[in-house]
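Everything on this sheet refers to the single structure shown next.
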There are 2 protein chains.
Amino acid sequence: MSDKHLSSQFDADLNLISSKVLEMGGLVEAQITRAMEALNTLDAAIADQVISEEDTVNQMEVAIDEECSNIIARRQPAARDLRLLLAISKTITNLERAGDEAEKIAKRVKRVMEDGAARTLNIAEIKISGDMAVSILRRALDAFARLDTAAAAQIVRDDKAIDEEFRAFVRKLVTYMMEDPRTISAGLEFLTIAKAIERIGDHAKNIAEFIIYIVKGTDVRHKSRDALEREALS
Amino acid sequence: MSDKHLSSQFDADLNLISSKVLEMGGLVEAQITRAMEALNTLDAAIADQVISEEDTVNQMEVAIDEECSNIIARRQPAARDLRLLLAISKTITNLERAGDEAEKIAKRVKRVMEDGAARTLNIAEIKISGDMAVSILRRALDAFARLDTAAAAQIVRDDKAIDEEFRAFVRKLVTYMMEDPRTISAGLEFLTIAKAIERIGDHAKNIAEFIIYIVKGTDVRHKSRDALEREALS
């Protein structure tokens, strides 16, 4: 009976920390959505809001990580429970970095607003890849909540599309800049924004890989996509 | 006596895994040094060597991380031992990423070699910051080996200089590109190289912060530099 109680309490600890990860993830997702909104509307107030949220996300990372190591020390978990806690510790680093990228986008939006040449550039690819990044991060958090490895494998696949959108944009940017050197400064700001979005996709992909690790016990980082999918769907 | 033996074996485990981290770090440091050599000499063979080493570094990350979780499951460490293992698990992610940046530099060097306009650009800041990044990573590994928090605090301080070198280079690059739009493609390659170096500095800084966490038990990420230094030197 005492064992059962201990185990239930442990389950409650794991559920609580998982829900905190999802809460942090929700905040970061909202930050990225707002950063893209600031870019679309060139609204400095929205950009400032994104920037002001950074500290909350940072503090959540530190608090969840401390809770992770406390649970490991107190409960001495093994197998899947330990993998969950180790994966959470790494997932929150990826979430915090994704939040940093949102902040970077917001800061660059404010600079772009002061650059008259910026409005002459077509940044359709940035907006497309921004939407993709928000969607992929949301799906990574959903897959984490459900520990859904099939969804995780799909996320790893979809991250490639964001990378391709980024490369297409860089090629277009070079053409713009060569045609009109007055766009170079603004072009570099947009390049930084596009790169930030591409990295948000990478963070979502990393989180997806941790989900496969938690459930299957296999570290799929650096594996081929085929090997990763076999593992996820096994 | 049995306890003593167990503890000695545990110490041996911790020493072994720490030495593997240093081995991985040495490989990454050599990769970055060679990537900078490839840039200085525009030698494709050296660049190819850097690229070929990526897989070894990746495999070391996976192996050390598995060993980390095995030790945690088997030994059920607490306090400083647990912090060491959790910090190692994050340190190797930073080392692997620093190796990725070395690979990225090597790939961009190969592209730059095919661009006639590249030779007209003065990339002194890249070379300076590349040397700084190699040095800061080496010092981070040394500080990890000795668990030297004063050295770790100095590394966090010195990372700022690499960031400043990067920003100075970006400003210069914009001027070059505006003066001669034929340099735009090469300029963007050099920008990516400079950014990769700046990120290597960030990884070294992250490792330094983990050292303070291991020794002092305080998570100094996101703290002000003053607060970090007080903690490191307390």
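In what follows, every chain begins at residue 1, and chains take the letters A, B, ... in the order their sequences are listed. Atoms considered below: every heavy atom in the structure, side chains included; atoms not considered: hydrogens, waters and symmetry mates.
- Residue A:Asp100 does not touch chain B at all, counting heavy-atom pairs closer than 4.5 Å.
- The main-chain N or O of A:Ser89 is found under 3.5 Å from a side-chain atom of B:Lys90 such that the two form a donor-acceptor pair.
- Here the OG atom belonging to A:Ser185 is positioned 12.0 Å from the CZ atom belonging to B:Arg171, to the nearest 0.5 angstrom.
- Top candidate by heavy-atom pairs under 4.5 Å with chain B, chosen from A:Arg83, A:Glu96, A:Glu54, A:Glu179, is A:Glu96.
- When each of B:Ala78, B:Ser69, B:Cys68, B:Pro77 is scored by its heavy-atom pairs under 4.5 Å with chain A, the top score falls to B:Ser69.
- The local environment of NZ in A:Lys107 is sparse, with at most 12 non-hydrogen atoms from other residues, nucleotides or ligands closer than 6.0 Å.
- Under 3.5 Å, the side chains of B:His222 and A:Glu61 contain a donor-acceptor pair of N or O atoms.
- Contacts of B:Leu191 with chain A are made by side-chain atoms alone, with heavy-atom separations under 4.5 Å and no backbone atom involved.
- For B:Arg157, the CZ atom counts as densely surrounded, since its 6.0 Å shell holds more than 12 non-hydrogen atoms of other residues, nucleotides or ligands.
- Residue B:Arg182 touches chain A through its backbone alone, counting heavy-atom pairs closer than 4.5 Å.
- Counted within 6.0 Å of CZ on A:Arg119, heavy atoms from surrounding residues, nucleotides or ligands total 12 or fewer; the atom is thus considered open.
- Judged by distance alone, the side chain of A:Lys195 and the main-chain N or O of B:Thr192 form no donor-acceptor pair under 3.5 Å.
- Across all their heavy atoms, A:Asn94 and B:Arg97 have their closest contact at OD1-NH2, 4.5 Å.
- Between atom CG of residue A:Asp219 and atom CG of residue B:Asn58 there is a gap of 10.5 Å, rounded to the nearest 0.5 Å.
- Between A:Leu188 and B:Leu188 there is a side-chain heavy-atom pair separated by less than 4.5 Å.
- The shortest distance between side-chain heavy atoms of B:Leu86 and A:Asp65 does not fall below 4.5 Å.
- Atom OG1 of A:Thr93 is separated from atom CZ of B:Arg221 by 5.5 Å, given to the nearest 0.5 angstrom.
- Counting heavy-atom pairs under 4.5 Å between each of B:Glu66, B:Gln76, B:Gln59 and chain A puts B:Gln76 at the top.
- Once rounded to the nearest 0.5 Å, the distance linking CD1 of B:Ile72 with CG of A:Leu82 reads 5.5 Å.
- Interface remark: B:Asp202 contributes no atoms to any contact with chain A (heavy atom separation under 4.5 Å).
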